[in-house]
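Heads up: the structure comes next, in structure tokens.
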Amino acid sequence: MTKHPEEWLDDVPDNQEEEDEEIIWVSKSEIKRDAEELKRLGAEMVDLGKNSLDRLPLDEELRDAIELAQRIKKEGRRRQMQLIGKLLRARDPDPIYQALDKLKNRHNQQIALFHKLEAMRDRLVEQGDDAMPEVLNLYPHADRQQLRSMIRNAQKEKAANKPPKSYRLIFQYLRELAESA
């Protein structure tokens, strides 16, 4: 079956078609970097607890792979992490990244609140009633008498070098106030 000299031109694509289709060239290195990034994402998810995993938009297959990786040790875990990376390559990771950012931000906000409450507790113990208006302005529903009693007990414990039981109770009380506000 021989072709006429002009028939081979039928197999050559038109230049117009090539211009319409944009060819995106991706290097092997870029593909590998993307795969490594997804493996890091998988490792971050494996390090999360059950409650945090519940907040991520994961399908059942990916969730099962992550839970299995949490139970596996050594070489099996490394291979499971590679599987998680492979599963992530077949999905859009953006919703997972967004959910993780929200979790981290919530965690950072909670840490900042705890630091603020610790500083407030320290001022209460050091300054006594002088620092009380700050707390009452922030938390008007606070029990002034209970707080005064805890402050006096914390000051006595500190002076006698006793364990800081009341010191901790003040923090717990401030945290309860902050959560109820």
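Because the structure is predicted, anything quoted here is derived from the model rather than measured.
Using modelled atom types, no side-chain atom of R79 and backbone atom of E75 make a donor-acceptor pair closer than 3.5 Å. In this structure a side-chain-to-backbone donor-acceptor pair under 3.5 Å is present from Q80 to A65. Without hydrogens or angle criteria, S166 side chain to L169 main chain gives no donor-acceptor distance under 3.5 Å. Of the possible polar contacts, one joining the Y173 side chain to the D143 backbone as a donor-acceptor pair under 3.5 Å is found. Here the side chain of R121 pairs no donor or acceptor atom with the backbone of F171 at under 3.5 angstrom. Between the N105 side chain and the D101 main chain, no donor and acceptor come within less than 3.5 Å of each other. A donor-acceptor pair under 3.5 Å is absent between the side-chain atoms of S149 and the main chain of Q145, judged by distance alone.
Ion pairing of E67 with R63 is present here, as a side-chain N (NZ or NE/NH1/NH2) and a carboxylate O approach within less than 4.0 Å. Electrostatic pairing of R40 and E37 counts as a salt bridge here, judged by a charged N lying under 4.0 Å from a carboxylate O. Between R33 and E36 there is no salt bridge, since none of the side-chain N atoms of the basic residue sits less than 4.0 Å from a carboxylate O of the acidic one. A salt bridge does not link R89 with D34: none of the charged nitrogens is closer than 4.0 Å to a carboxylate oxygen. The existence of a salt bridge linking R152 and E157 is excluded, since no basic side-chain nitrogen approaches an acidic carboxylate oxygen closer than 4.0 Å.
Taking a 6.0 Å sphere around CD of E60, one finds it holds 12 or fewer heavy atoms contributed by other residues, nucleotides or ligands.
Following chains of ILVMFWY side-chain contacts shorter than 4.5 Å, one can reach L103 starting from L58, so the two form part of one hydrophobic cluster. A continuous path of ILVMFWY side-chain contacts below 4.5 Å connects L138 to I151, so both sit in one hydrophobic cluster. In the hydrophobic cluster analysis, where Ile, Leu, Val, Met, Phe, Trp and Tyr join through side-chain heavy atoms closer than 4.5 angstrom, Y97 is grouped together with L56. There is a path of hydrophobic side-chain contacts, each under 4.5 Å, that joins F114 to V125.
Atom CG of residue L100 and atom CD of residue E44 lie 5.0 Å apart, to the nearest 0.5 angstrom.
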